[in-house]
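Let me begin by presenting the structure, written as C-alpha cells, before commenting on it.
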Amino acid sequence: QVQLVESGGGLVQAGDSLRLSCAASRRTFSSYAMGWFRQPPGKERELLAAISWSGGSTYYADSVKGRFTISRDNAKNTVYLQMNSLKPEDTAVYYCAAQYRGTPTSLQNVAAYGYWGQGTQVTVSS
C-alpha cells in the first residue's frame, strides 16, 4: 500500500495563505492521481481539488476556485495544496488521498480514492 503523510497545517488569520504538503512512500507515486479533501467539525468530508497522475488534468470545487491550487512534484513524491485568501469557513481537518492512474472523470469519484493520509488541522480565525 502507498502511505500518505500530510503536513503544513496550523492556525492562521483570515486572508492569510498556507501550503499543505502530502508525502507518499512509494517511488511509483507518479502512477497515482491525488486529491485533497477536508472535514469541518461535525460535517462530512468533501473533495476540494484533485490532479491526475500525469498532472495534465485538475479538478476544483467551486468553493475554492481562484483561491486554492493543487500541484505535484513526482520527483519528490509529493502533492501540494496552496491555499490563499483563507476564510474562517475553511477551518477543517485536511486529508490527501490517492487513486491508481485516475482518469479525468474519476478525479471526482470519492469512492475511487483507496489510500488516505491521517489528516492535518487547519484553523482560520477572523
Side-chain angles (χ1 to χ4, degrees):
Q1 293 184 307
V2 59
Q3 296 181 355
L4 306 173
V5 179
E6 302 96 335
S7 63
L11 174 63
V12 298
Q13 295 184 350
D16 285 352
S17 297
L18 202 61
R19 189 178 75 162
L20 304 183
S21 299
C22 176
S25 62
R26 300 186 62 177
R27 67 180 186 272
T28 55
F29 172 75
S30 61
S31 298
Y32 291 82
M34 301 295 298
W36 282 100
F37 296 74
R38 70 183 178 192
Q39 185 171 24
K43 301 179 68 175
E44 300 295 324
R45 291 186 188 183
E46 60 179 347
L47 175 63
L48 300 178
I51 187 167
S52 64
W53 63 271
S54 67
S57 298
T58 57
Y59 164 82
Y60 292 98
D62 186 65
S63 61
V64 303
K65 285 182 179 178
R67 297 192 299 128
F68 291 10
T69 302
I70 189 170
S71 62
R72 68 190 300 159
D73 186 340
N74 289 343
K76 297 181 178 180
N77 287 4
T78 302
V79 64
Y80 305 95
L81 185 68
Q82 178 66 46
M83 304 185 294
N84 298 327
S85 301
L86 285 164
K87 306 173 182 179
E89 54 262 41
D90 294 321
T91 296
V93 178
Y94 284 69
Y95 300 87
C96 68
Q99 61 170 283
Y100 182 67
R101 297 199 69 178
T103 65
T105 54
S106 70
L107 291 179
Q108 302 179 52
N109 182 9
V110 176
Y113 293 90
Y115 306 96
W116 293 80
Q118 84 290 341
T120 185
Q121 176 70 46
V122 173
T123 302
V124 184
S125 63
S126 59

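Remember, it's a predicted structure, so these values are computed and weren't measured experimentally.
- To the nearest 0.5 angstrom, S126 atom OG is 9.0 Å from Q13 atom CD.
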- Message: The test is side-chain contact (heavy atoms from CB on, under 4.5 Å); show your working for T69 and Y80 and say whether it passes.
- Response: CA-CA 8 Å; T69 302; Y80 305 95; over 6 Å; no
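- Closest of all the heavy-atom pairs between P88 and A14 is CD-CB, 4.1 Å.
- At least one side-chain heavy atom of I70 sits under 4.5 Å from a side-chain heavy atom of T58.
- Rounding to the nearest 0.5 Å places CG of D90 at 8.5 Å from CG of L48.
- The structure places CD of E44 at 6.5 Å from CD of Q39, a figure rounded to the nearest 0.5 Å.
- From Q99, atom CD reaches atom OG of S31 across 12.5 Å, with rounding to the nearest 0.5 Å.
- Inter-residue side-chain proximity for Y32 and W53 is flagged as unmet; no heavy-atom pair is nearer than 4.5 Å.
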- Working for side-chain contact (heavy atoms from CB on, under 4.5 Å), residues M34 and L4: CA-CA 10 Å; M34 301 295 298; L4 306 173; 4.0 Å; yes
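- L47 belongs to a hydrophobic cluster whose other members, connected by ILVMFWY side-chain contacts under 4.5 Å either directly or through intermediates, are F37, Y59, V93, Y95, L107, V110, Y113, W116.
- The minimum heavy-atom distance linking S106 with T103 is given by the pair OG-N, 2.7 Å.
- Under the 4.5 Å side-chain criterion, counting only non-hydrogen atoms from C-beta, K76 is not in contact with S21.
- At a threshold of 4.5 Å between non-hydrogen side-chain atoms, the residues M83 and R67 do not count as touching.
- Counted within 6.0 Å of CD on Q118, heavy atoms from surrounding residues, nucleotides or ligands total more than 12; the atom is thus considered enclosed.
- The minimum heavy-atom distance linking G9 with L20 is given by the pair N-CD2, 3.6 Å.
- Shown here for Q82 and S17, the closest heavy-atom pair between the two residues is NE2-CB, 4.0 Å.
- Here S7 contributes atom OG and Y94 contributes atom OH; the two are 15.0 Å apart, rounded to the nearest 0.5 Å.
- To the nearest 0.5 angstrom, R72 atom CZ is 10.0 Å from C22 atom SG.
- Side chain of E6 to main chain of C96: a donor-acceptor pair is present (N/O by atom type, distance under 3.5 Å, no hydrogens or angles).
- Using a 4.5 Å heavy-atom threshold, the side chains of T91 and Q121 count as touching.
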